[in-house]
Each structure stands twice: as C-alpha cells, then as structure tokens.
**Q** 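Okay, here's the structure, questions in a sec.
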Amino acid sequence: MSAPPLDQPAVDETALQAYFDATIAAEHRIEPRDWMPEGYRRTLIRQIAQHAHSEIIGMQPEGDWLLAAPSLRRKAILLAKVQDEAGHGLYLYSAAETLGADRADLTDKLIEGKQKYSSIFNYPTPNYADVGVIGWLVDGAAICNQVPLCRSSYGPYARAMIRVCKEESFHQRQGYELLMTMMRGTDEQRAMVQDAVDRWWWPSLMMFGPPDDDSPNSAQSMAWGIKRHSNDELRQRYVDMSVPQAEVLGVTLPDPELTLDPETGKHRFGAIDWDEFKRVISGDGPANAERIARRRAARDDNAWVIEAATAYAEKHAGVAA
Amino acid sequence: MSELTSEGGHGAVPTGPEVPVEAKPALSRRDWPLYEVFVRGKRGLNHVHVGSLHAPDDEMAVHAARDLYTRRNEGVSIWVVRAADITASSPDEKDPMFAPSGDKVYRHPTFYEIPENVPHM
C-alpha cells in the first residue's frame, strides 16, 4: 500500500515540527498520517502496547474463576467482563497499529519479555473475593488513570480510551456489588473480602507508576499531551476516592498511616514498597512466568486456526474471482 | 503481502510521500488483513467509523466487528472494508485539496444581506 510518486520539494522538518507543536498547543488532536516527532511515535507505541498487553494479560487472573463462579449470574457477569478486557486489548492494539506497529509483532515482544504489562496482573487470585476486589480497586485505579487519557493528544488513542472507560465503569460497579454481597454474608465471607483487600491495596497504589521524582519520561509525555496528570497526582486522587468506598463496604485498608489531613482535605498514606514494584515489573512477581506461559500457549496452540481461516479465505477468494 | 500492511487503522489510509514516517516493521505472516469498521448507531444516523480489526475475510470481519464493537447495543448495522481498499485525501488541514472551498464565501447563506423585516428567511 503506497501512494503514487509525486514530485515533492524536500521536506522541511522545522516547518513540520512547528506545525506539530502548534497543533498540540491548540489542544487539537494528532491523527495517524500527520507528521510527528519520532520520540512521540515511539512513546505512544510503547505506552499503548503496554496498555494493550495489560488488558490481554489481565484476562487471566479473573479468568481463573470463570469455571468456579458461585452462581450463573456471577458467571455471566464475569464472562462479560473478561470479554470486555479482550475487547479493550483489541481497541488498543488497533490504535497502536495506526502508528505503524504490527499487532502480531507486539504480541511476540510481550511473550519475549521485550515489552511490559501492568505489574498488578502478576499477583494471584486464590480467593473468590479477589474477583470483586479486582473490579473495585484494580479497575478503579485503571479508571483513575484512564479517564484523563480520553483527552490524550493522539486521536486514535483518545477515542479507544473513551470506549474503554465506558466499559470500565461496569467492571468497577460489578466488583463493588459482589463485595457488598459477601460483606452481608458470613464471618468467613467477610474475612475473605478483608484478605483480598489486604493483598490488593498496595499493588493497586503501584499501578500509577513510580513517584514523580523517579519517573524520567513523565515530563516529556505531559508536554506532548500524551499524559495529563502526574503519577503522584493520580495516586492521591485514587486514595481519596477509595477511602470512603472502603468505609461503606466495611473493610480496613491495610495502612496504619492512612489519615485525613484536615487542612488539605487529602489523605496521607504510608510509604510504598518500590523495591517490590521493581521486582515484580522486572519479572520476579508471584505469577509472571505463568501469565506469559499461558499467553505463549494461546498464540502457539491456536496458530492453526489463523492458518486454516486464511487458507479458507484464499480458496474462496479464488472461486469468487 | 503488501495487502496485509497494518498501517492505518482508525481511518487507515496510505501515507503520502510528503510525510516522513518510521520504516514499516516486518509484517507478520501470521496475522489477517486489517479491516476498518463502521457502525450505524441507530436508524436515521450515518454509519460512523469506530475502529479496526483483523479478519481472514469479509464475512468473518462482520462477525468479529459485532463482537468487538457492538457488545452493548451500540449499533443496528455494520460495514467493514479492507483498509487497503480505502483511498483518502491527506488529512493535513493545510492540504490544497480543501483550499478552493475557503474563498467561496458566497456559498454560505450568511453572505447575503436580507432586511430584518423579511419573514421566514
């Protein structure tokens, strides 16, 4: 697919850069065929791919409960949710492809460990309440991160995020409702919810990424309008939103230092274990190997389906012609 | 394999020679062609571009589009088209293709001054 050759004057990169900068400054969107600095393109591909991988890998922790859901209602809800995660991954790969990336290539890079996904999905789901807590806390953190991305400067990414955010709201509410139901149950069920909250709270705070003074790419991403708020800003917003939700639910967030600062109206919270974050994101979390192994098996074991459908399409295209 | 290019999506179109872009990555032989998807939200509305997907053929593309883009009653009709089959203008707002319409103000109703006491106009 290439455009016909045209007699063109030499490209003036300075003028293209100026036009790009003016578009960003005016809060207009950059669209796929616009000229863009290589760094902008690379940063976007990295961020969107990482986001897409997170959605796809994110199907696994909850998917483990599909066959063990306690009722048909919960099973149908969980199926819809996991299907949504697949959809979110596909919207995002599709946005990455507008930048010249190739979906199969991105999947290979994920499996080979050359691209990352959110560290949160490397934690296991041993307890059914984990399904609810993932919806409430993990998807809640994702919403906090993602709502500002609906105004990302790159058009296809912003549009994909609008779809994703609409659906995440269902994810969060079904999780919270599941937990409310368990909290109305037996002592044992309440203990399951608290156990899940204890395990997921800190990893959820890590989802916003390293602290601002240790986030080297943030400033450039903010200048480019790819990112709208700093990691620490979003983390603070998330804590302030979650505390009253925990109170209504009747669970304790596992942080003795969590207090409301009456002057600012914001919550102070304890130190995050960034060593754990770095360990998990660099491959040494409880479930990293398992997650990647399953993704690899999905690619390799299903390759025949792709080949068979391609062969069928080619055969029938020949008949039609 | 050129028809399997993944370039584009969300309005996929060829990239003109005037716009320098990154060299294309090696295309995987494992993936299907790219389709652009258009959905009519409800009767009375136009089909609107919603995104893209990979599918082995037209029929499968429609099925995949239903699963991917209309899980919550977002549409009553779907169009799919191979991205490689789309011909497009450059999206650049400075494109001379759109310049001729810029200086024809007489094509707009506000160009004509009509006294205020003329009703229904």
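Below, chains carry the letters A, B, ... as their sequence lines are ordered, and counting in each starts from 1. What you see below is based on every heavy atom in this structure, not just the backbone, and it leaves out hydrogens, waters and symmetry mates.
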**Q** Tell me whether the count of non-hydrogen atoms from other residues, nucleotides or ligands lying under 6.0 Å of NZ in Lys42(B) goes above 12.
**A**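 No - once you tally the heavy atoms of other residues, nucleotides and ligands closer than 6.0 Å, there are 12 at most.
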**Q** With rounding to the nearest 0.5 Å, note down the distance linking NE2 in His316(A) to CD in Glu59(B).
**A** 9.5 Å
**Q** For Glu74(B), is it the side chain, the backbone, both or neither that has a heavy atom under 4.5 Å from a heavy atom of chain A?
**A**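 Only the side chain of Glu74(B) comes within 4.5 Å of chain A.
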**Q** Which bit of Phe170(A) comes within less than 4.5 Å of chain B, counting heavy atoms only: side chain, backbone, both or neither?
**A** side chain
**Q** Can you check whether Arg103(A) reaches Leu34(B) side chain to side chain, under 4.5 Å on heavy atoms?
**A**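 No, their side chains stay 4.5 Å or more apart.
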**Q** How close do Ser94(A) and Ser52(B) get, counting heavy atoms only, and between which atoms?
**A**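 Shortest heavy-atom separation between Ser94(A) and Ser52(B) comes out as OG-OG, 2.7 Å.
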**Q** Taking everything shown except Glu116(B) itself, do over 12 heavy atoms lie less than 6.0 Å from its CD?
**A** no
**Q** For Asp301(A), look at atom CG and say whether over 12 heavy atoms of other residues, nucleotides or ligands are found less than 6.0 Å away.
**A**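 Atom CG in Asp301(A) is packed in, count exceeds 12.
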**Q** If a pair satisfies salt bridge (Lys or Arg N to Asp or Glu O under 4.0 Å) and one of its residues is in residues 61-72 of chain B, list it, with sequence neighbours excluded.
**A** Asp84(A)-Arg71(B), Asp84(A)-Arg72(B), Glu167(A)-Arg71(B), Glu167(A)-Arg72(B)
**Q** Quick check against the 3.5 Å criterion: does Arg163(A) have a side-chain atom that pairs as donor or acceptor with the backbone of Tyr69(B)?
**A**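 Between the backbone of Tyr69(B) and the side chain of Arg163(A) there is a qualifying donor-acceptor contact (under 3.5 Å).
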**Q** Side chain from CB out, backbone as N, CA, C, O: work out which of these in Leu68(B) comes under 4.5 Å of a heavy atom of chain A, or both, or neither.
**A** both
**Q** Under 6.0 Å from the CG atom of Asn73(B), do we count more than 12 heavy atoms belonging to anything else shown?
**A**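 It does not: Asn73(B) CG has 12 such atoms or fewer within range.
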**Q** Could you tell me which non-hydrogen atom of Trp32(B) sits nearest to which non-hydrogen atom of Thr310(A), and how far apart they are?
**A** NE1-OG1, 2.9 Å
